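The block underneath contains the structure these notes are about, expressed in structure tokens.
All figures in this text were calculated on a predicted structure; none of them were measured in a lab. Within every chain, numbering begins at 1; the chains are lettered A, B, ... in the order of the sequence lines, protein sequences first and strands thereafter. Every heavy atom of this structure was used, including side-chain atoms; hydrogens, water molecules and symmetry mates were not.
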Amino acid sequence: MHTDTFPSNPPPMATVDCPLPSPADLDDNGFPALPSSPAACSSGFAEDFYRSGTDWSSLRAPPPLGPPRRAPGVKERGGGSAVQSSLFQAWGIEKPRRDGRGAGDSSLVQRSLFQAWGIERPQREGLGAGDSSPSSSLSGSLLARKRRRGSTEEERVAAKKPLACPFYKKIPGTPFTVDAFRYGQVEGCSAYFLSHFHHDHYGGLTKKWCHGPIYCSALTARLVKMCLSVNSDYICPLELDTEYVIEGVTVTLLEANHCPGAALIHFRLSDGKTCLHTGDFRASKTMQSHPLLQRGRVNLVYLDTTYCNPKYKFPPQEDVIDFVVRTTRRYLKKQPKTLIVVGAYSIGKENVYLAISQALEAHIYTDASRRRILYSFGWPDLSKRLCSCNQSSSLHVLPLGSINHENLKKYLETLNGRFLAVLAFRPTGWTFSEATGKHLDLIKPSSNANVTIYGVPYSEHSSFTELRDFVMFLKPQKIIPTVNVGNATSRDKMQAHFREWLKSP
DNA sequence: GCGATCAGCT
DNA sequence: CACAGCTGATCGC
């Protein structure tokens with residue numbers, strides 16, 4: 001679909017040039033301005049800054065909660081939530097079709113938090129890698145923080161207080177947070193959004209969850225219930241491309257092109273201000289045709305900046321899939337009794353093994369726990385290809401961590417001579433280099449006897465150029481990065497890119 | 001014995 | 001490097 005068909009449509013959003021919710025609270029880099037902190041100088045700055053999310057965008061006071069701690073049902077009348085019609089239907093636009101995606105995970109209920117210093121994992125959840133080691137700098141910054149905040153990390157741990165929710169998980173002007181489940185009850189938060197079912201985003205969600213309603217896509221909702229046993233009363237599934245009014249805020253989920261069920265979350269406040277939280281996403285041209293993502297219509301973006309560095313280059317997913325299928329065919333021609341293995345540890349990467357399955361007309365074997373998850377997607381094209389007999393399938397999906405020579409050699413032996421060799425693929429977004437970014441055929445496998453392993457650059461996050469194109473198309477007024485923000489250097493580099501991208505033409 | 005948390009590892 | 005975890009150890013119950 002071409003993007004220039006949209007300007008003639010009624011703009012779904014209110015005025016484009018309304019000021020941001022509270023610009024005074026943000027410095028020029030999109031971060032909270034700390035009066036006495038020469039940003040990026042002292043190591044204490046980053047700690048304080050990222051730990052004290054509550055200092056920044058304090059959430060709008062929620063309406064009083066009703067006595068029965070029941071999540072407001074989406075369809076509930078008068079409960080503040082109402083389904084409106086699909087945006088695409090409403091404007092007579094054909095909905096861009098998303099290709100089949102899917103994934104699985106074997107043990108989805110564990111959490112491993114990066115809690116040294118009481119901060120999150122440095123990279124994905126965005127807290128300072130440099131400041132994250134307790135042994136690295138217990139000196140001045142800790143004292144400085146104690147002076148400013150009146151308590152130390154050790155005291156927090158001793159008191160068993162949860163971490164503070166970082167500012168970039170809070171949506172200013174609303175009582176909402178996004179992917180903030182590991183902080184206990186977040187002050188002022190009456191609705192918790194979950195962008196997708198990956199551990200570093202749902203971390204903290206357990207069957208004991210009781211802090212408020214959880215809004216997410218229907219597929220994510222099924223996984224939350226099935227894998228985490230969260231009480232259904234708290235789970236509020238939302239359809240994509242459908243406007244819901246939640247606590248006076250119009251909320252729409254959009255396809256994120258990340259993993260099954262992953263959504264961008266679009267908020268429109270009653271004053272017309274708009275905010276997009278990308279969760280994790282891979283930006284694409286298709287997104288530019290969405291009515292809510294037209295140029296200038298989003299004021300504030302919370303951006304998945306996982307690969308916001310020009311060194312991250314990788315091909316389109318289709319090219320990688322094509323490479324995987326071609327390589328598979330070549331190996332099977334040479335040795336027909338080759339077992340094909342694809343690694344995956346959670347939901348995501350389904351299209352890699354689905355494509356092999358289709359090309360080879362082979363069933364997909366994986367263990368029962370992953371099958372259960374994959375069936376739950378409700379995708380016939382995937383479900384019909386799954387099988388439970390490892391001997392009768394030449395295409396297996398295994399946990400990514402098990403894709404190494406030692407393991408695969410053993411695995412091959414358990415299959416009773418049914419196969420003579422293994423060809424395995426590790427689709428791990430960060431398998432990249434200058435060379436393979438452009439020429440997939442330059443990828444060299446690692447081979448050992450009859451086991452061959454290919455790392456392939458199949459990414460479910462945006463590449464640098466995809467990120468740039470997305471932002472330059474969207475032209476938001478402000479960008480808040482959500483990944484790699486813990487390190488002042490990378491933060492400044494990202495901000496320099498943003499400034500460049502948002503320059504007026 | 002179980003779940004929650006944490007270090008180490010990939 | 002860093003994706004999105006996994007494994008094993010420890011602790012409180």
Side-chain angles (χ1 to χ4, degrees), chain A residues 103-130 132-136 153-154 156-158 160-163 179 181-182 184 195-209 223 227-229 258-260 262 279-282 304-314 320 343-349 352 367 369-370 373 398-407 425-434 436-437 446 453 455-464 482-487 489-490 493:
Chain A
D105 191 343
S106 42
S107 80
L108 288 150
V109 199
Q110 68 149 338
R111 49 211 51 82
S112 81
L113 306 187
F114 201 100
Q115 290 203 334
W117 289 99
I119 60 182
E120 303 184 67
R121 290 177 63 231
Q123 277 74 34
R124 293 214 43 76
E125 297 279 55
L127 288 166
S132 65
S133 162
S135 56
S136 69
E153 176 55 20
E154 286 77 2
R156 183 193 67 76
V157 171
K160 294 187 181 181
K161 284 185 183 161
L163 300 171
D179 299 340
F181 299 96
R182 56 179 54 162
S195 66
H196 64 290
F197 197 73
H198 274 160
H199 178 254
D200 50 343
H201 293 258
Y202 68 65
L205 256 186
T206 69
K207 61 182 171 190
K208 293 184 195 166
W209 178 262
L223 293 170
C227 301
L228 307 179
S229 305
H258 177 63
C259 68
D280 281 355
F281 82 131
R282 183 156 184 182
D304 166 19
T305 44
T306 300
Y307 294 127
C308 187
N309 181 320
K311 74 179 176 186
Y312 293 114
K313 300 171 185 177
F314 32 73
V320 181
Y345 31 41
S346 69
I347 64 170
K349 324 286 185 187
V352 177
D367 65 32
S369 75
R370 190 188 297 271
I373 290 165
L398 299 180
L400 203 46
S402 68
I403 308 295
N404 57 55
H405 285 102
E406 187 187 344
N407 255 300
F425 296 97
R426 307 178 103 258
T428 68
W430 47 279
T431 304
F432 60 85
S433 75
E434 292 297 324
T436 57
S446 159
I453 302 174
V456 292
Y458 186 88
S459 175
E460 290 177 332
H461 293 273
S462 314
S463 68
F464 179 78
T482 63
V483 184
N484 296 323
V485 291
N487 163 298
T489 308
S490 90
K493 280 184 183 171

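- When each of A:Arg370, A:His199, A:His198 is tested with A:Ser346 by the rule side chain to side chain donor-acceptor pair (under 3.5 Å), just one qualifies, namely A:His198.
- Side-chain proximity of A:Asp280 to the nucleotides C:dA4, C:dC3, B:dA4 is greatest for C:dA4.
- For A:His461, a side-chain nitrogen or oxygen approaches OP1 or OP2 of C:dA4 to under 4.0 Å.
- Rounded to whole Å, the distance from NZ on A:Lys208 to P on C:dG12 is 15 Å.
- Atom pair A:Lys207:NZ and B:dA4:P shows a separation of 7 Å (rounding to whole Å applied).
- Between the CG atom of A:Leu400 and the P atom of C:dA4 there is a distance of 11 Å, rounded to whole Å.
- A:Asp304 places its CG atom 9 Å from the P atom of C:dC3, with the value rounded to the nearest Å.
- Look at CZ on A:Arg282: it is 17 Å from C1' on C:dA4, rounded to the nearest Å.
- With sequence neighbours left out, A:Thr305 forms a side-chain contact (heavy atoms from CB on, under 4.5 Å) with A:Leu303, A:Cys308, A:Pro481, A:Val483, A:Met494, A:Phe498.
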Worksheet entry | Full working for side chain to side chain contact (heavy atoms under 4.5 Å, CB included) between A:Cys259 and A:Phe197 | CA-CA 8 Å; A:Cys259 68; A:Phe197 197 73; 5.8 Å; no
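- Atom pair A:Phe464:CZ and C:dA2:P shows a separation of 16 Å (rounding to whole Å applied).
- Distance, A:Leu205 CG to C:dG5 C1': 17 Å, rounded to whole Å.
- A:Lys313 has its NZ atom 21 Å from the P atom of C:dC1, to the nearest Å.
- Contact between the side-chain N/O atoms of A:His196 and the OP1/OP2 oxygens of C:dC3 is not found at any separation under 4.0 Å.
- Ranking C:dG5, C:dC3, C:dA2 by closeness to the A:His198 side chain, first place goes to C:dG5.
- In this model, a donor atom of one side chain and an acceptor atom of the other lie less than 3.5 Å apart for A:Asp179 and A:Ser195.
- Closest to the side chain of A:Thr428, from the set B:dA4, C:dC3, C:dA4, is C:dC3.
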